[in-house]
Amino acid sequence: MSAAALTAAPPRPAHRDPQVLRWLGAYTASTVGDSVYYLALSWAAVSSGSPAQAGLVMAVSAVPRALLLLFGGVIADRLGPRRVVLASDTARCLMTLGLAAVLLATSPGLWLLAAAALVFGAVDAVFLPAVGALPPRIAARDQLARVQGLRGLAYRMGSVLGAPLGGLAVATGGPASAFGAAGALFALSLPLLCALRLRPLPTGEKPPTGEKGEKADGPVLRDLADGLRHLRGHRVLGPLMITILLADLGFVGPLNVGLALLAEQRGWGAPGIGWLLAGFGAGAGAASLLLAVRGRLPRAGTTLGWTMVLGAVAVAALAFAPRLPVAVAVAVAVGLLAGVSGALCHALVQTECDPAYLGRVSAVSSLGSLGLAPLGMPLTGAAAGLWGTGPVFVAGAAVCALSGAFALTVPSLRRAELPR
C-alpha cells in the first residue's frame, strides 16, 4: 500500500483503536479501584468509631478536592495529562497498599483514616483534570464523543463491579484485604498508562508546557488566570461552563439526597432507593452506549439544551410518581437524558478547547459537580425538612431547566457541532 493511501486512510473508530482501549482499560481499573477504596474506607471508619465519626472521615476527602481542583488543572497543563494520571494512580496504589499493610499489623485510629482521606482527596484534585484532558491526546477529534460514551460505560461498570468486589474482599479478609484489592487495581492501570502514546497535535496548537521539554515555571496563579481568561473569551466554552455549573447545582443535590428522602417518605425503604439508583444507572448506561455506537449526535449544542430541559421535566416528575415502578421508569428517563447531555458537555469541552488549556478547563467543568454542588447537599436536606421533598425536586428541576434554556438562547453554543 502506498504512503499516500496510508495518509488518506480514515482513523480507526475509538472502540477499535488500541490506544483508546489501553486508556479505557486503565480508566476502568482505576474506577473500580476507587469504588473498592471508598467501601474499604467506610467499613474501616465504621469499625473504628461512631457513625458520625465515620461520616466525617468519608467527607474529609471532598475538602482538598474542592480547594485544589483548579490548581490541579494547572498542574495537568504544565506537566501533561498522561504524566499526571500515571503519577496519581501510582500515588493511590502506594497509599492503599500502605493502608492494607498498616491494618494487617495494627488497629489504627480514625486519625490515620482521616489523613489518608485527605491525601486521597488532594490526589483526586490533580487526577480528575488530567483524566479530562487525556482523551484528545489519544483519539481523533471526530471520535471524542464515542470516547465519552466508552468512558461512561467504564464508569458505570466501575460502580457496578466495585461495590460487590469490595464487599467480597471485606468479607474475606476485612478492610485490609479490600485496601489491598484497591491497590492492585490501581497497579493494574500503570502498565496500560505507560504504553499510551500521545497523538501529535494539529499544526498551530500548543501542547502543555511539560510535553515540550521546557521547564514549567512562573507563578501558578498566573497560569490559572490565563486559563480563566481563555474561558471567558471563548464563544463556546464560556457559555458552556455556565450551563454545566447550573445543571450540576440543580441536579446533584436532589438526586443524591432527594432520592433517599423520597424512598423513605413513600415507604419504599432501602430496596426502593436501590431500584431508583439502578434505574438511573441503566438510563445513563444506555446513553453512554448510544454515543459509543453512533460516535456523534447531530446539532450537538441544540441537543444538549433540549436534553437538559427534558431532563429537568423528568426530575420534577419524580416528586409526583405515585408508585415505585413509575418512579423507576422516570429515573431511567432522567439517567438517559442526563447521560446524553453530560457526554455532549464533555465532548464539546474537549473538541473546542486549545490543548494547552485543557487541564484547567476540565478542572473548571468539574468544579460544580465535584466541588460546589456537594457542599450544597446539607442545604438540600434542610430544605426538604422544612418544605418537603417535592419542592426540592421542583426547585432543582427549575435550575436544570434554566441551564438548558441558557444553552438554547446563546447562539454560539446552540450552533456548536462535534467534528465529523
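Please read these numbers as outputs of a predicted model, since none were measured by experiment.
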Does Ser177 use its side chain to pair, donor to acceptor, with the backbone of Gly174 at less than 3.5 Å?
no
Sub-3.5 Å donor-acceptor pair from the side chain of Arg414 to the main-chain atoms of Leu408, do we have one?
yes
Quick check on side-chain contact (heavy atoms from CB on, under 4.5 Å): which of Val340, Thr302, Leu418 does Leu297 satisfy it with?
Val340
Over all heavy atoms of both residues, which pair between Ala117 and Tyr37 is shortest? Give the atoms and the distance, please.
CA-OH, 3.7 Å
Donor-acceptor list for residues 118-128 side chains, cut-off 3.5 Å, not counting sequence neighbours:
{"from": "Asp124", "atom 1": "OD1", "to": "Arg92", "atom 2": "NH1", "distance (Å)": "3.3"}

Rounded at 0.5 Å granularity, tell me how far CG in Leu402 sits from CE in Met308.
11.0 Å
Shortest non-hydrogen separation from Ala100 to Ala176 and the atoms involved
CB-O, 3.3 Å
For Arg137 and Leu196, run side chain to side chain contact (heavy atoms under 4.5 Å, CB included): C-alpha distance rounded to whole Å, both residues' side-chain angles, the deciding distance at 0.1 Å, then the answer.
CA-CA 10 Å; Arg137 301 305 310 277; Leu196 283 181; over 6 Å; no
So which heavy atom on Ser403 is nearest to which on Leu246, and how close?
CB-CB, 3.5 Å
Rounded to the nearest 0.5 Å, how far does OG1 of Thr96 lie from CG of Leu185?
9.0 Å
Can you name the closest pair of heavy atoms from Val84 and Ile75 and give their distance?
CG2-O, 3.9 Å
Measure from the side-chain N and O atoms of Ser189 to the backbone N and O of Phe186, and report whether any donor-acceptor pair falls under 3.5 Å.
yes
Rounding to 0.5 Å, atoms CG (Leu99) and CG (Leu113) come to a distance of 7.0 Å
Would you confirm whether Arg82, through its side chain, and Leu198, through its main-chain N or O, come within 3.5 Å as a donor-acceptor pair?
no
If only atom types and distance count, is the side chain of Ser412 paired as donor or acceptor with the main-chain N or O of Arg235 below 3.5 Å?
yes
Let me confirm one number: the CH2-CG distance from Trp43 to Leu39, rounded to the nearest 0.5 Å.
8.0 Å
Check whether His234 reaches the backbone of Glu352 with its side chain - one donor and one acceptor, N or O, closer than 3.5 Å.
yes
Yes or no on side chain to side chain contact (heavy atoms under 4.5 Å, CB included) for Leu161 and Ser35, after CA distance, side-chain angles and deciding distance?
CA-CA 8 Å; Leu161 296 179; Ser35 297; over 6 Å; no
Which of parallel (below 30°), tilted (30 to 60°) and perpendicular (above 60°) describes Trp23 and Tyr27?
parallel
So, for Val85 and Ala130, which heavy atoms are closest and what is the spacing to 0.1 Å?
CG2-CB, 3.5 Å
Would you say Ser366's side chain and Ala363's backbone share a donor-acceptor pair under 3.5 angstrom?
no
Taking C-beta and beyond as the side chain, do Ile242 and Val410 meet within less than 4.5 Å on heavy atoms?
no
Would you say OH of Tyr38 has more than 12 non-hydrogen atoms from neighbouring residues, nucleotides or ligands within 6.0 angstrom?
yes
Heavy-atom check, side chain of Gln148 versus side chain of Gln350, under 4.5 Å
yes
Tell me, do Val399 and Phe251 make a side-chain contact under 4.5 Å, heavy atoms counted?
no
Thr31 vs Met157 side-chain heavy atoms within contact, under 4.5 Å:
no
Is there a donor-acceptor contact under 3.5 Å from the side chain of Ser30 to the main chain of Ala26?
no
Identify the heavy atoms of Leu97 and Ala184 that sit nearest to each other, and give their distance.
CD2-N, 4.3 Å
Take Arg78 and Val220 through the test side chain to side chain contact (heavy atoms under 4.5 Å, CB included) and record every step on the way to the result.
CA-CA 10 Å; Arg78 284 191 168 198; Val220 171; 4.3 Å; yes
Distance, nearest 0.5 Å, that separates CG of Leu344 from OG1 of Thr243
12.0 Å
Do Val20 and Gln143 have side chains that approach each other closer than 4.5 Å (heavy atoms only, starting at C-beta)?
no
Judged by atom type as modelled, is there a donor-acceptor pair below 3.5 Å linking the side chain of Arg197 to the main-chain atoms of Gln19?
no
Between CG on residue Leu190 and OG1 on residue Thr90, distance to nearest 0.5 Å
4.5 Å
Are the side chain of Arg146 and the backbone of Asp142 linked by a donor-acceptor contact shorter than 3.5 Å?
no
Using a 4.5 Å cut-off on heavy atoms from C-beta on, say whether the side chain of Pro298 contacts that of Thr303.
no
So do Asp223 and Asp77 actually touch side chain to side chain, heavy atoms under 4.5 Å?
no
From CA spacing to verdict: side chain to side chain contact (heavy atoms under 4.5 Å, CB included), Leu237, Tyr357:
CA-CA 11 Å; Leu237 291 176; Tyr357 297 98; over 6 Å; no
Side-chain contact, heavy-atom cut-off 4.5 Å: Val364 with Leu228?
yes
